[in-house]
**Q** 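Got a structure for you, questions after.
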Amino acid sequence: MSIYDTLNKEQREAVFHTDGPLLILAGAGSGKTRVLTHRIAYLIEEKGVNPWNILAITFTNKAAGEMRERVDQLVGFGSESIWVSTFHSSCVRILRRYIDRLGYENNFTIYDGDDQKILMRDVCKMAAIDTKVYKERSLLAAISSAKDEMISPEEYELNAAGDFGKQKTAKVYREYEKQLRANNALDFDDLLVKTVQLLQTQPDVLEYYQQRFRYIMVDEYQDTNTVQFKFVSLLAGKYKNLCVVGDDDQSIYKFRGANIKNILNFEKEFQDAKVIKLEQNYRSTGNILSAANAVISNNVGRKAKSLWTENKEGEKIQLRQFDTAYDEAEFIAEDIRKNVGAGAVYNDNAVLYRTNAQSRLLEERFVSSNIPYKIVGGVNFYARREIKDLLAYLKTIDNGQDDLAVRRIINVPKRGIGLTTINRVQESAAKREIGFYDALRGLDLIPNIARGAAKLESFVALIEYFKGVARTESLSDLIKEIIEKTGYVEELETEDKEDAQARIENIDELISKIAAYEENSQDRDEKPTLSGFLEEVALVADIDSLDENQDYVVLMTLHSAKGLEFPHVYLAGMEDGLFPSYMTVTSDDPEEMEEERRLCYVGITRAKKELTVSCARKRMVRGETHYNKTSRFLKEIPEELMETGKTFREDLEIPTQNAYFQAKQAFKTKAFSTGKTAQQFTVTKGKKLDYTVGDRVRHIKFGEGTVEAITEGGRDYEVTVQFDKAGVKKMFASFAKLQKIK
DNA sequence: CTTGTTAGGATTTTT
DNA sequence: TCCTAACAAG
């Protein structure tokens with residue numbers, strides 16, 4: 001019996017078809033990862049392919065890690081020399097070796113969205129563009145889609161003839177590119193664009209990678225954009241051993257340039273491509289799958305396919321409607337608690353929503369219900385202020401050409417270097433066409449900075465000192481030295497007590513991430529370098545931090561949930577205007593609604609055993625109360641598949657723009673809630689706390705600590721606790737749910 | 001040059 | 001509602 005016997009007919013066909021182009025259309029839950037991993041195993045074990053010649057591209061680092069792990073289990077040895085990585089990190093690896101051929105230095109830095117925006121602001125200032133008329137974000141969006149389509153600034157300009165707005169954009173695009181180059185920096189899109197440019201212009205480099213990657217596999221193929229497709233087709237151009245796996249029904253990144261034509265064009269670009277459909281679903285119950293099929297069948301533009309399953313019908317889909325989003329959150333928390341009581345672990349449950357902002361209410365509810373949870377998304381760890389500051393130090397030490405980084409930290413912590421001084425340096429640097437940091441090193445050449453000169457000099461001396469440390473000491477020592485010498489943490493502490501603790505924790509985490517990086521490199525027999533660390537850090541997504549070994553409920557957006565599965569799934573906020581989003585509802589492009597529906601399909605098919613969909617009649621959005629109808633997607637699920645609780649009333653559909661009605665509602669709500677608060681007031685206060693000053697207590701998130709003070713707040717007790725790990729926190733007793741220890 | 005105040009924007013999704 | 005960036009005052 002071999003490992004391939006457990007596959008079905010189509011899966012086996014896909015695994016055994018090793019040579020020549022192959023397109024696998026894999027429906028949700030049809031075991032595509034199994035096919036990919038078994039295919040790799042088959043290549044190595046049966047076909048004698050050197051692992052070194054295999055490249056597998058996934059969407060996230062997490063998926064890459066999992067794939068490697070699973071291949072590891074199937075293959076005896078050698079899996080470590082397979083390249084399994086994301087598009088972006090593959091490109092970085094190639095560019096680090098060869099980008100000097102395009103006139104960059106090999107230690108280029110990578111700009112994230114925030115960096116791009118700062119750079120764009122400077123560009124607009126320079127080009128005298130009013131950012132009130134042309135927003136940085138929309139300019140960047142235009143440039144990004146141009147890059148996705150591999151349109152250069154010059155081409156963009158040609159296309160812009162006659163269109164004033166486009167001409168402006170073209171001008172900005174050109175200047176933006178110039179600045180990036182001057183900073184020796186690439187943005188995310190550049191990583192792909194420059195790699196393709198490199199492969200197109202350097203025959204020997206192309207030849208090398210074509211030889212090396214004789215077998216290429218691409219996961220989540222439906223979400224690739226034009227430049228990614230070009231990258232893959234160049235690499236596979238010689239041997240054509242390219243296997244792509246995708247599902248057009250799960251294409252949810254069109255807004256980011258994902259090009260559905262890549263699936264359709266595949267057979268054109270690679271003639272005699274074999275196409276295999278995987279249509280048996282192993283993940284979900286019959287009811288869940290029927291619901292998913294029913295919803296997605298409303299889309300016109302899709303490849304015909306029919307997913308089926310041998311699984312049992314299972315539970316009906318639970319539909320709940322609530323008065324407010326608070327009620328919804330409360331229900332979800334309680335229901336999860338019920339699941340856990342019935343034998344599930346927290347990890348079996350996931351709550352999915354359309355926008356990150358929805359996580360807040362849920363989080364509050366989970367804290368007060370003592371349910372461990374993890375929120376994926378929102379602000380990336382490496383995008384936090386304190387982390388970016390420290391990374392800017394590291395970047396400055398590593399690559400003095402990154403002006404953005406230098407300017408970020410020149411006065412952080414405060415050194416009395418103000419805007420006027422910085423601008424003078426900037427002007428002088430621009431005039432002489434040298435970098436900001438280089439200008440700092442030749443201070444005497446800059447006019448009118450007599451007063452600031454001494455401070456600037458000591459800043460330069462500090463950086464030069466760090467460079468020395470970087471040469472002789474380990475990375476861990478370097479970061480500690482930076483924190484020490486700059487007094488960064490002390491500065492934080494004096495600034496604001498509330499935030500400071502969390503920020504210091506983040507810094508500690510950064511230190512351990514650096515240590516982990518050093519360890520990992522040593523395991524791989526690589527030398528840990530500053531550039532290496534910065535590179536790794538630039539490309540991590542929040543989803544990568546999900547850890548199956550920890551038991552928590554996962555909260556995330558539908559987009560982040562792609563590729564994951566859970567026994568119990570909650571789709572929250574199923575309301576028109578939220579999901580599908582307001583933008584989509586008001587748009588006159590029907591394609592957008594189809595994409596939104598695909599997103600819904602992705603959400604439904606994440607569920608293995610039980611799916612709960614919920615909505616609220618009334619929801620606070622940016623401080624305003626919105627009255628939403630139930631989502632049109634709910635109406636697309638056949639009624640017989642659903643079960644509604646007592647709380648659901650479909651008849652009640654509230655008009656959105658009726659001022660009188662809203663006023664009436666608001667009045668009612670107010671009247672009602674005052675009464676309720678008064679009640680709560682007595683309840684909470686009447687209830688005595690079972691701990692007092694000096695007692696040891698436990699908090700769900702912050703761990704153990706000692707109560708330092710208890711004060712009577714407006715309607716609740718305010719408790720100050722010194723936590724062992726998390727520092728001092730102030731919180732409301734009824735919200736914090738502290739438990740006394742012993 | 002630093003600090004405090006205010007006005008405006010954000011929330012559709014992210015490597 | 002909350003956060004950021006721009007502006008004004010010390």
Side-chain angles (χ1 to χ4, degrees), chain A residues 57-64 85-92 110-114 116-118 121 125 131-132 135-138 140-141 144 147-148 186-192 220 223-225 227-228 251-258 352-361 376-380 382-383 385 410-423 451-452 455 495-496 499 537-544 556-562 573 577-587 592-593 595-596 598-600 602-603 619-626:
Chain A
I57 298 180
T58 60
F59 202 65
T60 63
N61 296 301
K62 180 172 180 283
S85 61
T86 62
F87 273 105
H88 296 268
S89 44
S90 310
C91 289
V92 171
I110 300 166
Y111 279 1
D112 68 10
D114 291 337
Q116 287 182 315
K117 204 178 154 207
I118 295 172
R121 211 179 45 220
K125 213 172 270 173
T131 50
K132 294 232 165 66
K135 301 261 163 51
E136 290 103 321
R137 294 180 88 244
S138 52
L140 282 168
S144 176
K147 288 185 177 183
D148 286 346
L186 302 185
D187 64 22
F188 283 132
D189 301 311
D190 279 340
L191 297 177
L192 268 306
E220 308 283 10
D223 288 322
T224 53
N225 60 31
V227 64
Q228 289 167 333
S251 158
I252 54 175
Y253 283 104
K254 205 169 114 233
F255 71 95
R256 217 174 70 191
L352 311 181
Y353 38 77
R354 180 66 233 266
T355 67
N356 278 310
Q358 288 168 256
S359 65
R360 181 178 253 134
L361 274 185
V376 175
V379 192
N380 188 323
Y382 292 102
R385 174 157 60 94
I410 192 165
N411 198 31
V412 176
K414 293 187 185 70
R415 301 186 172 87
I417 300 172
L419 221 66
T420 345
T421 313
I422 294 173
N423 283 340
R451 213 175 311 166
K455 291 167 187 161
E495 243 173 36
D496 44 45
D499 263 11
V537 146
L539 297 173
V540 294
D542 206 40
I543 188 82
D544 298 333
M556 63 188 150
T557 63
L558 289 151
H559 282 88
S560 312
K562 190 179 67 166
L578 187 62
F579 185 37
S581 80
Y582 181 72
M583 297 292 271
T584 319
V585 173
T586 53
S587 160
E592 290 196 23
M593 188 56 78
E595 171 135 333
E596 206 84 352
R598 288 194 291 271
L599 195 54
C600 182
V602 167
R619 182 182 296 269
M620 283 282 256
V621 181
R622 304 203 276 272
E624 277 176 281
T625 308
H626 282 225

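As a basis for the values below, the full set of heavy atoms in this structure was taken, side chains included, without hydrogen atoms, waters or symmetry mates. Quick caveat: nothing in here was measured; it's all calculated off a predicted structure. Every chain is numbered from 1 and lettered A, B, ... according to where its sequence line falls, protein lines coming before strand lines.
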**Q** For nucleotides 1-5 of chain B, which of its nitrogen or oxygen atoms have a protein nitrogen or oxygen under 3.5 Å away, and what is each distance?
**A**
residue : atom : partner  : partner atom : Å
B/dC1   : OP1  : A/Gly418 : N            : 2.3
B/dC1   : OP1  : A/Thr421 : OG1          : 3.1
B/dC1   : OP2  : A/Thr420 : OG1          : 2.6
B/dT2   : OP1  : A/Gly416 : N            : 3.0
B/dT2   : OP2  : A/Asn411 : ND2          : 3.3

**Q** Can you name the nearest heavy-atom pair linking A/Ile417 to A/Ile422, along with the distance?
**A** CG2-CG1, 4.0 Å
**Q** Judged by atom type as modelled, is there a donor-acceptor pair below 3.5 Å linking the side chain of A/Glu595 to the main-chain atoms of A/Lys254?
**A** yes
**Q** Could you tell me how the ring of A/Phe59 sits relative to the ring of A/Tyr253: parallel (under 30°), tilted (30 to 60°) or perpendicular (over 60°)?
**A** tilted
**Q** With the sugar-phosphate defined as primed atoms, P, OP1 and OP2, and the base as all remaining atoms, what B/S/- string results for nucleotides 7-15 of chain B, 5' to 3', for protein heavy atoms under 4.0 Å?
**A** ---BBBBBB
**Q** For the pair A/Asp190 (side chain) and A/Ile110 (backbone), establish whether a donor and an acceptor sit closer than 3.5 Å, ignoring hydrogens and angles.
**A** no
**Q** I'd like to know if the side chain of A/His88 and the backbone of A/Leu191 have a donor-acceptor N/O pair within less than 3.5 Å.
**A** no
**Q** Ignoring hydrogens and angles, tell me if any N or O in the side chain of A/Gln228 forms a donor-acceptor pair with the backbone of A/Asn225 under 3.5 Å.
**A** yes
**Q** More than 12 non-hydrogen atoms from neighbouring residues, nucleotides or ligands closer than 6.0 Å to OH on A/Tyr382, yes or no?
**A** yes
**Q** Indicate yes or no for a side-chain donor-acceptor contact from A/Asn423 to the backbone of A/Thr420 under 3.5 Å, with no hydrogens or angles considered.
**A** no
**Q** Give a yes or no answer on whether the side chain of A/Gln358 reaches the backbone of A/Thr355 with a donor-acceptor pair at less than 3.5 Å.
**A** yes
**Q** Could you pull out the closest heavy-atom pair between A/Pro580 and A/Thr584, with the gap in Å?
**A** CB-CB, 4.5 Å
**Q** Report, as a single string ordered 5' to 3', how protein heavy atoms within less than 4.0 Å touch nucleotides 2-10 of chain C: B base, S sugar-phosphate only, - not at all.
**A** ----S----
